Amino acid sequence: MATITDIAEKAGVSISTVSRVLNQDKNLSVTEDTKRKIFEIAEELNYTKYKQKKKKSAEQKAKQKSIAIIQWRIGEQELDDIYYMSIRIGAERKAQELGYYLMKYSDLNDSLSNVDGVLCIGKFDKITIDKILSKNDNVVFVGTNFPLNNFDTVNSDFSYAAELALQHLLELGHKKIAFIGAEESNNLYGYRTFRTPVTNTYIDMMKHLGYYDEKYFFVATNTYLSAETGTDLAKQALAKWGGNLPTAILAGNDAMAIGIMNVLTANNIKIPADISIIGINDLAFSQYTNPPLSTVRIFTEEMGEIGMETLNQRISAPKIDRRIILTTELIKRASTAKPRE
């Protein structure tokens, strides 16, 4: 497992800079390029499955097939939630292994008919999905939950991820468990009030157990699951709770958890002595928070890998459309403990 020192040495910056970037310190003045470099190095150093490949000859390059990658979040948006960067890194490495030439598209008006396939990473709305499908028959979406319609999808089991997180808190003895989350409603499919599996699993489990309390439920709609959103909602939550704090918080993802932790720390609320925090994703930065974040691992690099493998199979021998769901894993760290007395 890589350390902050390893990341700092490879990035050519100080250990302090790496720590502050990974902990989403908004008071740190660094460029977007520096932030991206640090996050990508953190992901790559903790993702060692692949060995360096030999360089291809000119003849091999000439025979290469090409794949377009379309990202839902690009530029600075990708830095707000490293989840999608992690998927992209896995996809790019698998494409290299399979011998594909990658082309990144940001404008859907560009022609997609001159590539062999298209890999789409993120939550795309129905209009965008239909537009992409009209331009190429070989398309795989990673992270999109709309019903199948001539394309394959790769996702993780976020319902089970939320269940694992809540079960961990319950086993520690917590009952007053808050939820702070967000969802991009316009890019999600479903008929329930809330459309993210994590949100609905929290509601269902807590109501089933008789522990659900409306004042401990904070969800922002039509916004990103980012550290900034976590910060804003945590401030609203503390103002509403006053002295009646929950003993634990389930955050919508790790990025939101960092924002929440920063607000709690600024208000002299100790983690986990006063409030336990658990996130979802287990991206590379989660082990470097203070304290290290308990979370549920989503196998993001593998999502990118399997998305690319699925696209390769679709290009080679098209079959029925597939919806692939990957497992998750509970990661216990120091941000969760038994509830306060």
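Every value quoted in this text rests on a predicted model; they were computed, and no experiment measured them.
- For K175, the NZ atom is loosely surrounded, since the number of other residues' heavy atoms within 6.0 Å does not exceed 12.
- Using cut-offs of 30° and 60° on the angle between ring planes, the pair Y202 and F179 is parallel.
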Inset, instruction - Before giving the answer on salt bridge (charged side-chain N to carboxylate O under 4.0 Å, His left out), spell out for D116 and K65 the whole-Å C-alpha distance, their side-chain angles and the decisive distance to 0.1 Å. - result: CA-CA 6 Å; D116 295 283; K65 292 183 178 181; 5.2 Å; no
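- For NZ of K332, the number of neighbouring non-hydrogen atoms (other residues, nucleotides, ligands) closer than 6.0 Å is 12 at most.
- With hydrogens and angles left out, the side-chain atoms of T3 and D6 include a donor and acceptor closer than 3.5 Å.
- Using a cut-off of 4.0 Å between Lys/Arg side-chain N and Asp/Glu carboxylate O, E92 and R88 are scored as salt-bridged.
- When the shell of 6.0 Å around CG of D204 is examined, it contains more than 12 heavy atoms from other residues, nucleotides or ligands.
- With respect to R314 and D321, a salt bridge is recorded, a charged nitrogen being found less than 4.0 Å from a carboxylate O.
- Here K319 contributes atom NZ and D152 contributes atom CG; the two are 11.5 Å apart, rounded to the nearest 0.5 Å.
- A salt bridge is absent between E214 and K240; no separation between the charged side-chain nitrogens and carboxylate oxygens falls under 4.0 Å.
- In terms of hydrophobic clustering, with Ile, Leu, Val, Met, Phe, Trp and Tyr side chains grouped at heavy-atom distances under 4.5 Å, I271 and I331 are assigned to different clusters.
- The side-chain tip of K207 points at the ring of Y212 from less than 6.0 angstrom away and within 45° of straight on.
- In the hydrophobic clustering of this structure, I260 does not group with L172; members are Ile, Leu, Val, Met, Phe, Trp, Tyr whose side-chain heavy atoms approach within less than 4.5 Å, directly or through other members.
- With hydrogens and angles ignored, the 3.5 Å screen pairs a side-chain donor or acceptor of T295 with a backbone N or O of I280.
- Taking a cutoff of 4.0 Å between a charged side-chain nitrogen and a carboxylate oxygen, E183 and R195 do not qualify as a salt bridge.
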